[in-house]
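This is the structure I want to talk about, given as structure tokens.
Numbers restart at 1 for each chain; the letters A, B, ... are given by sequence-line order, proteins then strands. Everything numeric in this text was worked out from a predicted model, so none of it was measured.
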Protein chains: 2
Amino acid sequence: MTTPVKLSDWQRVDDEECRQAAQVLEIVGKRWSSGILLAMARGADRFTAINTSVRDLTSRMLAVRLRELEHAGLVDRVVIPTMPVGVRYRLTAQGRDLLASLQPIAGYTHRWN
Amino acid sequence: MTTPVKLSDWQRVDDEECRQAAQVLEIVGKRWSSGILLAMARGADRFTAINTSVRDLTSRMLAVRLRELEHAGLVDRVVIPTMPVGVRYRLTAQGRDLLASLQPIAGYTHRWN
DNA sequence: CTGGATCCCTATCGATACTG
DNA sequence: CAGTATCGATAGGGATCCAG
């Protein structure tokens with residue numbers, strides 16, 4: 001009934017990789033982070049668009065999280081020099097890769113809920 | 001150079017699943033959580049064994065996290081009625097499945113570090 | 001050995017208001 | 001539109017001591 005589990009894989013990863021994996025989890029595990037990334041994966045690329053597509057997210061927390069995600073290399077901030085200035089947020093290749101790597105979680109929640 | 005990315009997968013998962021996935025990430029994303037699960041995956045099953053195998057982890061935080069993980073269904077607390085009482089912690093099937101689902105993260109960190 | 005109880009500090013977060 | 005500034009509440013977490 002449950003999935004085949006290859007727990008032994010975690011015996012093989014060295015401690016440095018685990019440390020980095022933990023760091024990644026601490027970033028995407030913060031409140032709003034995954035919602036923001038998901039909204040962006042689904043096409044939202046403007047501050048306001050992301051803000052309204054994540055329920056109960058305040059502009060303050062969106063700004064904070066976007067800075068964190070940008071710092072982590074997951075999101076790119078693109079300024080378009082128009083009048084007034086336009087700003088777009090896009091997932092980097094790294095961000096898209098992370099989202100893809102997070103995909104099995106969806107399978108997990110489907111199995112256990 | 002980068003991995004093939006199937007971002008579109010996230011278009012298919014419904015909002016409820018995403019909400020639950022976010023919840024899971026918030027649990028394992030907390031400090032110490034992933035380290036504790038990893039230590040258990042590697043065989044530590046006693047309070048003290050887990051405590052010493054995760055660097056800088058205090059007994060207080062271990063107790064707190066173990067309760068959270070137990071409540072989340074990832075860890076089982078087994079009391080052995082000896083004198084004095086022995087306690088063992090084991091990953092549940094759900095916990096092992098989650099760790100397996102987290103496995104791609106190791107690949108991600110390997111690619112981007 | 002397996003934690004629980006306290007104390008106390010800090011980081012985080014929500015609400016609200018404001019701006020180029 | 002895309003944020004910043006400020007404030008007050010609360011939760012998280014480290015240190016320490018204690019107990020069955």
Side-chain angles (χ1 to χ4, degrees), chain A residues 19 22-37 39-40 42-72 74-92 95, chain B residues 19 22-40 42-72 74-92:
Chain A
R19 209 191 48 77
Q23 237 179 349
V24 170
L25 287 175
E26 285 190 27
I27 293 173
V28 296
K30 286 188 176 180
R31 204 176 177 198
W32 311 120
S33 292
S34 59
I36 290 167
L37 291 175
M40 293 182 68
R42 286 176 168 170
D45 65 338
R46 301 149 72 121
F47 189 92
T48 310
I50 301 170
N51 202 356
T52 59
S53 65
V54 179
R55 202 173 125 89
D56 290 338
L57 173 60
T58 64
S59 67
R60 188 178 101 82
M61 287 316 296
L62 176 55
V64 171
R65 287 291 178 268
L66 280 175
R67 252 180 277 134
E68 294 171 356
L69 296 172
E70 192 188 350
H71 219 109
L74 304 173
V75 165
D76 232 6
R77 184 178 190 269
V78 183
V79 179
I80 306 165
T82 53
M83 188 58 175
V85 182
V87 179
R88 296 298 131 91
Y89 293 94
R90 52 182 50 202
L91 292 170
T92 61
Chain B
R19 221 201 83 254
Q23 241 178 354
V24 170
L25 287 176
E26 285 190 27
I27 292 174
V28 296
K30 285 188 177 181
R31 203 172 181 203
W32 311 120
S33 292
S34 59
I36 291 167
L37 291 174
L38 181 64
M40 294 182 68
R42 286 176 168 170
D45 65 338
R46 301 150 68 128
F47 189 91
T48 309
I50 302 171
N51 202 355
T52 59
S53 65
V54 180
R55 201 174 131 87
D56 290 338
L57 173 60
T58 64
S59 70
R60 188 179 101 82
M61 288 317 296
L62 176 54
V64 171
R65 287 292 178 268
L66 280 175
R67 253 181 278 130
E68 293 171 356
L69 296 172
E70 191 188 352
H71 195 252
L74 303 173
V75 164
D76 231 7
R77 185 178 190 268
V78 183
V79 179
I80 306 166
T82 53
M83 187 57 176
V85 182
V87 179
R88 297 298 132 90
Y89 293 94
R90 359 164 293 172
L91 292 170
T92 62

- Is there side-chain contact between B:Leu38 and B:Val54, with at least one heavy-atom pair below 4.5 Å?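 Counting from C-beta outward, B:Leu38 and B:Val54 never come under 4.5 Å.
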- Once you round it to whole Å, what is the distance between P of D:dA11 and NZ of A:Lys30?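 It works out to 18 Å between those atoms.
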- Query: Do the charged groups of A:Glu68 and A:Arg65 touch, with an N to O distance under 4.0 Å?
  - Reply: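 Salt bridge: yes.
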- Counting only side-chain N and O atoms of A:Arg67, is one of them less than 4.0 Å from OP1 or OP2 of D:dT4?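 For A:Arg67, the contact criterion (side-chain N or O under 4.0 Å from OP1 or OP2 of D:dT4) is met.
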- Nucleotide C:dT12, atom P - distance to CD1 of A:Ile27 in whole Å: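 For the pair A:Ile27 CD1 and C:dT12 P, the rounded distance is 13 Å.
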- Would you mind reading off the distance between A:Leu62 atom CG and C:dT12 atom P, rounded to a whole angstrom?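 Nearest whole value for this atom pair: 17 Å.
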- Task: Output the single nucleotide from D:dG14, D:dA5, C:dT2 whose closest atom is nearest the side chain of B:Val87.
- Result: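 Nearest to the side chain of B:Val87 among the choices is C:dT2.
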- Task: Could you tell me the separation between the CE atom of A:Met83 and the C1' atom of C:dG20, rounded to a whole number of Å?
- Result: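 Going from A:Met83 (CE) to C:dG20 (C1'), I get 9 Å.
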- Between atom CD1 in A:Ile80 and atom C1' in D:dC1, what is the gap in whole Å?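 For the pair A:Ile80 CD1 and D:dC1 C1', the rounded distance is 12 Å.
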- Item | Residue B:Arg90 excluded, over 12 heavy atoms near CZ under 6.0 Å |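 Not buried by this count: 12 neighbours or fewer within 6.0 Å.
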- For the side chain of A:Arg65, counting heavy atoms from C-beta on, which of C:dC13, C:dG4, D:dG3 is nearest?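 In terms of side-chain proximity for A:Arg65, the closest of C:dC13, C:dG4, D:dG3 is C:dC13.
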- Look at the side chain of B:Arg46 and decide which nucleotide, out of C:dG3, C:dT2, D:dG3, has an atom nearest to it.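 Nearest to the side-chain atoms of B:Arg46, counting from C-beta on, is C:dT2.
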- Task: Would you kindly give the CG-to-P distance between A:Leu57 and D:dA2, to the nearest whole Å?
- Result: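 Atom CG in A:Leu57 sits about 14 Å away from atom P in D:dA2.
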- Whole angstrom value for the distance that separates P of D:dG13 from CD1 of B:Ile36: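 That distance rounds to 11 Å.
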- Task: Verify the contact: side-chain N or O of A:Arg77 to OP1 or OP2 of D:dA2, cut-off strictly under 4.0 Å; return yes or no.
- Result: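 Checking D:dA2 against A:Arg77, no side-chain N or O comes under 4.0 Å of OP1 or OP2.
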- Query: Taking the side chain of B:Thr48 as its heavy atoms from C-beta onward, which of D:dG12, C:dT2, D:dG3 lies nearest to it?
  - Reply: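 Taking heavy atoms from C-beta onward, the closest nucleotide is C:dT2.
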- Item | Upstream residue (5' side of DNA chain C) when A:Pro84 and A:Arg60 are each assigned their closest nucleotide |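 Nearest-nucleotide comparison on DNA chain C picks A:Arg60.
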- Task: Please tell me if the side chains of A:Leu91 and A:Val75 come closer than 4.5 Å, counting only heavy atoms from C-beta onward.
- Result: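 Yes - at least one pair of side-chain heavy atoms lies under 4.5 Å apart.
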- Evaluate the side-chain proximity of B:Ile27 to B:Gln23: yes if any heavy-atom separation is below 4.5 Å, no if none is.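 SC-SC contact between B:Gln23 and B:Ile27 ruled out.
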- Item | Distance in angstrom units between B:Asp45 CG and C:dT2 C1', rounded |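 To the nearest whole Å, that distance equals 14 Å.
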- Among D:dA2, C:dG4, D:dG13, find the nucleotide with the atom closest to the side chain of B:Met61.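 Looking only at side-chain atoms, B:Met61 lies closest to D:dG13.
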- Task: Identify whether any heavy atom of A:Arg88 sits under 4.0 Å from a base atom; if not, whether one sits that close to sugar-phosphate; answer base, sugar-phosphate or nothing.
- Result: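 It contacts nothing in the nucleic acid.
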- Query: Should B:Tyr89 be listed as having a side-chain N or O under 4.0 Å from OP1 or OP2 of C:dC1?
  - Reply: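 Answer no for this pair, as no side-chain N or O of B:Tyr89 is under 4.0 Å from OP1 or OP2.
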- Message: OP1 or OP2 of D:dG14 versus the side-chain N and O atoms of B:Trp32: is any pair under 4.0 Å?
- Response: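 Looking at the OP1 and OP2 atoms of D:dG14, one of them is under 4.0 Å from a side-chain N or O of B:Trp32.
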